[in-house]
J.: 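Here it is, the structure, as structure tokens.
Please read these numbers as outputs of a predicted model, since none were measured by experiment. Basis for what follows: all heavy atoms, side chains included, without hydrogens, waters or symmetry-related copies. As the structure lists them, so they are numbered: ligands from 1, and atoms in each ligand from 1.
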Amino acid sequence: MNDLFAALQSGTRTQLSVQACVLHGFALPFEDALLAGIATIADAAPFRHLVTPGGHAMQVAMTNSGRFGWCSDRRGYRYDRSDPQTGKPWPVLPDAFLRLARDAAAEAGFDGYLPDACLINRYAPGTRLSLHQDRDEDDRVAPIVSVSLGLPATFLLGGFARGDACVRVPLAHGDVVVWGGADRMRFHGVLPVKPGLHPRTGEARFNLTFRKVK
Ligand code: SIN
Ligand code: FE2
């Protein structure tokens, strides 16, 4: 996407379904706080490639912030209160993260959003996230608030069965996708990130997904 198109899109909204939308550029006012927060969190809880229950290392590097952190190993997927790698609680959610998540959720029609988990994904060029549902949370109605930073990507939003058709959603630095309520359990994924260099993140895309676990 060129800069002019990005500028025109910023501040607009694309409705993907009844309770799913993209808030273009919504996170831009928070970008410094988000990037500083990611660096601080990664110092305490380093990015790592989790192993799936099937024994494969995930392409995307992950860490967490918040009361709960999403984990995967040979035993399965789950939320843990502490980082299995360090034994310490996950780093606390920075205020700016909470404010952005709450404001974006409200803008999308979900008032009073208070997430208790933030999964942070780091994509190197060529890495993808295969189609999945977020189904390890007790709360399956509260929205997922997903913030894109750095290199652009194509997000796939599907239906409620794995084989359903997907819409392809181009996501740029600062875009926020929100899906909740009737759309909360939609399959979604990310196509392989194209090589590139972003002025703020270099050769990387970061994604924050806020969730309400309990
Ligand atoms: C996710 O589904 O956890 C991440 C989505 C994204 O990276 O845009
Ligand atoms: Fe997800």
J.: Taking NZ, NE, NH1 and NH2 as the nitrogens, is one of them in Asp138 or Lys214 under 4.0 Å from a carboxylate oxygen of the other?
T.: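 Lys214 and Asp138: salt-bridged.
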
J.: Mark up the atoms of ligand 1 that fall under 4.0 Å of a heavy atom belonging to Phe155, in ascending order.
T.: 8 (O)

J.: Just which atoms of ligand 1 are under 4.0 Å from any heavy atom in Asn121?
T.: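 With Asn121 as reference, the close atoms of ligand 1 come out as 1 (C), 3 (O), 4 (C).
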
J.: Determine, for Asp164 against Arg162, whether the closest basic-nitrogen to carboxylate-oxygen distance falls under 4.0 angstrom.
T.: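 Salt bridge between Asp164 and Arg162, a charged N being under 4.0 Å from a carboxylate O: no.
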
J.: Are Phe68 and Trp90 an aromatic pair by the rule of ring centers under 6.0 Å?
T.: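 No, too far apart.
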
J.: Suppose we call two aromatic rings close when their centres sit under 6.0 Å apart. Are Phe155 and Trp179 close by that rule?
T.: yes

J.: Of all the N, O or S atoms in His188, which has the shortest distance to the Fe ion (ligand 2)?
T.: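 This residue's closest N, O or S atom turns out to be NE2.
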
J.: Among all protein heavy atoms, pick out the one at the shortest distance from atom 7 (O) of ligand 1; state its residue, atom name and that distance to 0.1 Å.
T.: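 Among all protein heavy atoms, the one nearest atom 7 (O) of ligand 1 is Tyr123 OH, 2.5 Å.
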
J.: Taking only heavy atoms of Val190 into account, list the atoms of ligand 1 that are under 4.0 Å away from them.
T.: 5 (C), 6 (C), 7 (O), 8 (O)

J.: Tell me whether Glu137 is salt-bridged to Lys212, with the criterion being a basic N under 4.0 Å from an acidic carboxylate O.
T.: no

J.: Which option out of Arg128, Arg211, His188, Arg205 puts a heavy atom nearest to atom 2 (O) of ligand 1?
T.: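 Comparing heavy atoms across Arg128, Arg211, His188, Arg205, the nearest one to atom 2 (O) of ligand 1 lies in His188.
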
J.: Which residue holds the protein heavy atom closest to atom 5 (C) of ligand 1, what is that atom called, and what is the gap in Å?
T.: Asn207 OD1, 3.7 Å

J.: Name the orientation class of the two ring planes belonging to His198 and His173 (parallel below 30°, tilted from 30 to 60°, perpendicular beyond 60°).
T.: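 Tilted: the ring planes of His198 and His173 meet at 30° to 60°.
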
J.: Under 4.0 Å, heavy atoms only, figure out whether ligand 1 is touched by the backbone of Val177, its side chain, both or neither.
T.: neither

J.: Can you name the N, O or S atom of Asp134 that is closest to the Fe ion (ligand 2)?
T.: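 Looking only at N, O and S atoms of Asp134, the one nearest the Fe ion (ligand 2) is named OD1.
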
J.: At what distance is the nearest protein heavy atom to atom 1 (C) of ligand 1, and which residue and atom is it?
T.: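 So the nearest neighbour among protein heavy atoms is Leu129 CD2, 3.5 Å.
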
J.: Is the shortest distance from a Lys or Arg side-chain nitrogen in Arg78 or Asp136 to a carboxylate oxygen in the other one below 4.0 Å?
T.: no

